[in-house]
Protein chains: 2
Amino acid sequence: MPAARRIPEATVTRLPLYLRVLEEAAAQRTMTVSSEDLAERVGFSAAQIRRDLSCLGSFGIRGVGYEVEYLMLVINRQLGLDGERRVAIVGAGNLGQALARYGGFSARGFRVVAAFDADPAKVGTLLGDTRVSDASGMLEGLRGAGVEIAVITTPAQAAQRVVDVAVQAGVGSILNFAPTSVAVPEGVALRQVDLGIELQILSFYRHRVGDPAGV
Amino acid sequence: MPAARRIPEATVTRLPLYLRVLEEAAAQRTMTVSSEDLAERVGFSAAQIRRDLSCLGSFGIRGVGYEVEYLMLVINRQLGLDGERRVAIVGAGNLGQALARYGGFSARGFRVVAAFDADPAKVGTLLGDTRVSDASGMLEGLRGAGVEIAVITTPAQAAQRVVDVAVQAGVGSILNFAPTSVAVPEGVALRQVDLGIELQILSFYRHRVGDPAGV
DNA sequence: TCCTGTGAACCGCTTCACAGCT
DNA sequence: AGCTGTGAAGCGGTTCACAGGA
């Protein structure tokens with residue numbers, strides 16, 4: 001009986017990676033993988049992986065490893081990927097397009113059921129295969145479509161307003177790509193990704209030469 | 001004399017956020033900010049911020065706070081944003097477009113000096129305002145343009161090949177958006193962002209109801 | 001008085017090392 | 001023999017709490 005422990009945040013962020021390599025393994029008709037195999041594919045230690053997986057229960061086979069199919073099932077269920085998630089994309093720019101067309105979404109059960117933009121020129125066009133609606137109808141639109149996750153790809157100055165409307169519409173999870181920090185009330189899940197910040201972090205690690213700069 | 005200490009990785013990832021809110025503050029003609037002010041804007045604790053900034057030297061004014069302009073200068077220099085960084089984008093799809101047009105890049109001194117795609121239909125088109133070249137000329141192209149950072153927005157199966165060529169061309173930093181883990185040799189900086197994984201993490205935190213699922 | 005800079009305590013995550021199961 | 005699952009140790013980062021400067 002898999003004793004489901006509390007799952008540390010750090011572990012949660014790694015589970016999707018395991019899922020990705022497990023799919024690769026399954027595609028190669030691999031039946032079982034050891035923590036060592038997984039370690040090689042994802043790039044961190046075998047101990048780390050055993051510790052992570054032990055949080056989900058204890059279903060590895062000693063002397064053998066983990067059953068690929070079963071492990072995928074367990075991780076999928078833990079992440080809540082066993083059903084469908086209703087997603088809205090707000091902001092029909094290039095990033096919104098990129099996300100709407102990204103195959104990895106639908107493959108994981110994320111369905112884009114609504115799209116919004118404030119620009120009249122974009123309203124009525126297709127984002128992936130979802131028709132873009134006017135942002136003025138967002139509150140009702142999000143409610144009506146039963147959206148659980150809102151993905152924000154608007155300019156920075158619109159982001160907080162969009163978040164507020166989404167929360168009001170009962171959206172429980174927000175993924176913010178706008179280059180500004182937004183606030184959500186207690187109980188709403190939030191993740192923020194800033195593409196510009198990633199480059200800045202890289203920029204730091206670039207000039208690792210001992211540079212004892214003064215003031 | 002600001003004693004420049006070693007900067008923890010966690011701190012580095014926060015510096016760009018400080019920069020962002022400092023710019024907002026500067027736009028509002030704010031001359032100084034306290035760690036408390038900053039904490040409110042970025043959303044973590046004042047102690048955290050003081051600790052982070054103390055790594056860059058000690059130039060806060062007790063009883064007052066930090067000078068906005070000077071703090072920006074210090075952080076910019078630490079991140080290596082005081083000069084220009086030559087960037088290439090590989091993969092001219094929607095995500096590549098989104099990045100090329102993203103204002104936050106040029107504002108921070110990141111210049112897109114080359115773009116590549118394997119699709120003949122894309123070659124010759126514009127990515128932002130950079131002409132897309134054929135991927136077959138990537139090695140020479142990257143070298144010739146003196147690219148320091150390669151941003152990868154190709155499909156997963158092309159990513160590792162692109163990384164290998166980039167490294168061979170002397171590119172020191174890689175930002176990978178392709179949904180697969182790539183490997184780089186020692187000494188090359190690497191960051192990976194998977195848009196799909198962010199959604200999966202959110203999905204986990206969504207169903208926080210006590211769900212004692214069995215096997 | 002007010003806020004910085006920082007030792008010290010604390011906390012969560014990672015790694016080690018090995019007992020125990022197959 | 002081989003690999004999992006996990007106590008225990010180790011490590012990095014965060015928070016506390018306060019000494020000390022403006």
Side-chain angles (χ1 to χ4, degrees), chain A residues 1-18 22 25 30-72 74-75 78 201 204-205 215, chain B residues 1-18 22 25 30-72 74-75 78 201 204-205 215:
Chain A
M1 192 204 297
R5 300 138 179 81
R6 256 312 138 294
I7 302 182
E9 197 175 319
T11 298
V12 173
T13 64
R14 282 187 295 263
L15 291 181
L17 288 164
Y18 298 149
L22 285 168
T30 309
M31 301 308 283
T32 63
V33 287
S34 67
S35 58
E36 198 59 64
D37 296 336
L38 282 172
E40 206 168 305
R41 294 189 193 234
V42 294
F44 24 86
S45 79
Q48 175 87 88
I49 286 163
R50 289 200 300 279
R51 175 74 66 191
D52 281 344
L53 297 184
S54 77
C55 296
L56 313 188
S58 108
F59 41 80
I61 309 157
R62 295 179 188 218
V64 180
Y66 303 88
E67 267 184 56
V68 173
E69 289 294 340
Y70 185 66
L71 187 49
M72 285 172 61
V74 171
I75 296 178
Q78 272 296 342
I201 296 171
F204 174 86
Y205 288 108
V215 184
Chain B
M1 188 205 296
R5 300 139 179 82
R6 257 310 139 295
I7 302 182
E9 196 175 319
T11 297
V12 172
T13 65
R14 281 187 297 262
L15 291 181
L17 288 163
Y18 298 150
L22 286 168
T30 308
M31 301 308 282
T32 64
V33 287
S34 67
S35 58
E36 199 58 63
D37 296 335
L38 282 172
E40 206 168 306
R41 296 189 192 234
V42 296
F44 24 87
S45 79
Q48 175 88 85
I49 287 164
R50 288 200 301 279
R51 176 73 67 191
D52 282 344
L53 296 184
S54 77
C55 295
L56 312 189
S58 108
F59 41 80
I61 308 157
R62 295 180 188 216
V64 180
Y66 303 88
E67 266 183 57
V68 172
E69 289 295 339
Y70 185 66
L71 187 48
M72 285 172 62
V74 172
I75 296 178
Q78 271 298 340
I201 295 170
F204 175 85
Y205 287 108
V215 185

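Chain naming here is simple, since letters A, B, ... match the order of the sequence lines and numbering starts at 1 in each.
- Per the geometry, CE belonging to Met31(A) stands 19 Å off C1' belonging to dC3(D), to the nearest Å.
- Interatomic distance, Arg6(B) CZ to Thr11(B) OG1, rounded to the nearest 0.5 Å: 13.0 Å.
- Not one side-chain nitrogen or oxygen of Gln48(A) sits closer than 4.0 Å to the OP1 or OP2 atom of dC13(C).
- Within the 4.5 Å cutoff, the side chain of Glu9(A) has heavy atoms near those of the Tyr205(B) side chain.
- Set against dT6(C), dA17(C), dG13(D), the side chain of Arg50(A) has dA17(C) as its closest nucleotide.
- In this structure, the separation between CD1 on Ile49(A) and CZ on Arg41(A) is 11.0 Å, given to the nearest 0.5 Å.
- Evaluation of atom-type donor-acceptor distances gives no pair under 3.5 Å for the side chain of Arg14(B) against the base of dG13(D).
- Within 4.0 Å of Glu36(A), counting heavy atoms only, lies no atom of the nucleic acid at all.
- In the set dT22(C), dG5(D), dT6(C), dT6(C) carries the atom at the smallest distance from any side-chain atom of Ser54(B).
- Of the residues listed (Glu40(B), Gln48(B), Arg50(B)), the one engaging Ser35(B) in a side-chain hydrogen bond (donor to acceptor under 3.5 Å, both in side chains) is Arg50(B), and it is the only one.
- The nearest heavy atom of DNA chain C to Ser45(A) and to Gly60(B) marks one nucleotide each, and the one closer to the 5' end goes with Gly60(B).
- Phosphate proximity of dC3(C) to Ser34(B): absent, as no side-chain N or O sits under 4.0 Å from OP1 or OP2.
- If you find the closest nucleotide of DNA chain C to Ala10(A) and to Ile61(B), the one lying nearer the 5' end belongs to Ile61(B).
- At whole-Å resolution of the value, CD1 in Ile49(B) and P in dT6(C) are 17 Å apart.
- Atom CG of Leu53(B) is separated from atom P of dG5(C) by 8 Å (rounded to the nearest Å).
- Among the atoms of the strands shown, none is found under 4.0 Å from any heavy atom of Phe44(A).
- Contact annotation: Tyr66(B) reaches the phosphate of dG5(C) (side-chain N/O to OP1 or OP2, under 4.0 Å).
- No side-chain heavy atom of Tyr18(A) sits under 4.5 Å from any side-chain heavy atom of Leu71(A).
- Looking at heavy-atom distances under 4.0 Å, Ser35(A) makes contact with sugar-phosphate atoms alone, never a base.
- Minimum atom distance to the side chain of Arg51(B) is reached by dT15(D), of the listed dT15(D), dG5(C), dT4(D).
- Put simply, CZ on Phe59(B) is 17 Å from C1' on dA22(D), counting in whole angstrom units.
- Per the geometry, CG belonging to Leu71(B) stands 10 Å off P belonging to dG5(C), to the nearest Å.
- Between the P atom of dT4(D) and the OH atom of Tyr18(A) lies a distance of 12 Å, rounded to the nearest Å.
- Across the protein-nucleic acid pair, Arg62(B) atom CZ and dG20(D) atom P stand 10 Å apart, rounded to whole Å.
- The CG atom of Asp52(B) sits 13 Å away from the P atom of dT6(C) (whole-angstrom rounding).
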